[in-house]
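Notes follow the structure.
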Amino acid sequence: MLKEIFEIESSAFFESLTCTFGAKVEAMEFKFDELYAKELDSKDPLAKFRDEFLFPQFNDEKVVYFTGNSLGLQPKAAKAALNQELDDWAKYGVEGHFEAKQPWFAYHEMFAEPLANLVGAKPNEVVAMNGLTTNLHLLMVSFYQPKGSKTKILCEAKAFPSDLYALKSQIRFHGLDPEEHLIGLVPREGESHLRTEDILAKVEEHANELALVMLGGVNYYSGQVLAMQEIAALCQNRGITVGYDLAHGIGNVNLELHDWGVDFASWCSYKYLNSGPGSVSGVYIHERHHHKDDIPRFEGWWGHDKTERFKMESDFKPIRSAEAWQLSNAPVLAMAVHKASLDLFMEAGFDNLIEKSKKMTAYLNFVIDEVSSQSTTTSFEIITPKERGCQLSILCHGAGRELFDKLSSNGVVADWREPNVIRIAPVPMYNSYEDCYRFGKILADSLTQ
Ligand SMILES: *Cc1c(COP(=O)(O)O)cnc(C)c1O
């Protein structure tokens, strides 16, 4: 009896220790060892989802696929989902709008729940539509309104190029000069990511001139997760509209857009959401904007009141939800795959995925540090800060493109950015701890070959 109580108490004690010291305790226990990695996989409750995806092959084995931050892998369910719509099209023709298994007329409505779940919004605040850059433009039509002294936009100086093109052309669209009206955030000398205090200070400094703060919630290059909640809170306090590009955020990190008071956001579905090349984007618009009659918006029939859409009247009557921003009827073929993929997220549970992501990324970080400490010629510096999702950006000291090429020719799919950064993302949905071990092994071998 006594012994039992002691055992219960000591295990509870150990659990509280792991909770309090989380990653630290685990990091101390990590081993760069194949059997150890396989053991972590055998204990992983999400391990079975790896089998739901199709991997490119290398020597009759799965490649080490670490580019889910660029293009997520194909879910096996994608083909059947797509075929369902092709079959319904063959069978029903135009009647598929109402007769298909999932009638096309209301097809996009299936995404409200799962997308709301992933971005922390109400279902009426999200809608799947268009492409990401297209959506950024549509959203800026509504949310970038230069007036009086408030005419400027704050962004990251090294934002993703497409975002910069969108921002600059929006500024020019209002007859203004991007040189003067676009303020870029730059890391401090010698640092590779932005400090939250510096972002907040910049917002304060320009509070009276800013019409919009528009940032990548998770930076595509460094993998840094910005302090989205704090930034949004300050912007709201200063009467500045705030929007996030979540191309690298959705499906990767925890988001609470509604509670944070973020005005708008957009993302793509082909990176962490595994919905296929160029698949449909999505937007979030806070509900406080849904009932404004004076909000500028480019309009189309799919944003019109559903009960009257087919009356074909000439005056636009907006749906009082994010759907008002839709222009066209839904791209059903792309959306079929999107749905099949989101079903897997709902099945796995996003909280579970995040938990695995933290542990697996910590393990991969540990493996890279091990390889780095064992090498006499090369050292690896992870420039991704601790505020991160699953991406790690590795700055290679003493190695360059030839190292990356060796990795590629040995079955690793990673991403190279000049001058010498390797970006890798162990995706919790389908990557394994063994992938992390294999990466470390190939990396170490590449240094000695
Ligand atoms: C991937 C990515 C894009 C891509 O834009 P598309 O319109 O989907 O081609 C844009 N912005 C960011 C930050 C990205 O990471």
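Order of appearance sets the numbers: ligands from 1, and atoms from 1 within every ligand. Just so it is clear, the structure is predicted and the values come from calculations on it, not from any experiment. Residues: numbered from 1 along the sequence shown.
With sequence neighbours left out, the side-chain contact (heavy atoms from CB on, under 4.5 Å) criterion links Lys79 to Asn83. Residues satisfying the side-chain contact (heavy atoms from CB on, under 4.5 Å) criterion with Ser222, sequence neighbours excluded, are His193, Asn219, Gln224. Shown here are the side-chain contact (heavy atoms from CB on, under 4.5 Å) partners of Lys62, two or more places apart in sequence or in another chain: Arg50, Asp51, Phe55, Gln57.
Side chains of Asn117 and Glu113: a donor-acceptor N/O pair is absent below 3.5 angstrom, by distance only.
The ring of His248 has its center no closer than 6.0 angstrom to the ring center of Phe160.
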Query raised in the report: Do Tyr437 and Phe32 pass the ring pair (Phe, Tyr, Trp, His ring centres under 6.0 Å) test, and can you show the C-alpha distance, the side-chain angles, and the key distance before you say yes or no?
Result: CA-CA 7 Å; Tyr437 167 78; Phe32 178 29; 5.4 Å; yes
Pick out the protein N or O atoms lying less than 3.5 Å from any N or O of ligand 1, and list each pair with its distance.
residue	atom	partner	partner atom	Å
ligand 1	5 (O)	Thr133	OG1	3.4
ligand 1	7 (O)	Thr133	N	2.9
ligand 1	7 (O)	Thr133	OG1	2.6
ligand 1	8 (O)	Tyr270	OH	2.5
ligand 1	11 (N)	Asp163	OD1	2.7
ligand 1	11 (N)	Asp245	OD2	3.2
ligand 1	15 (O)	His248	NE2	3.2
ligand 1	15 (O)	Lys271	NZ	2.5

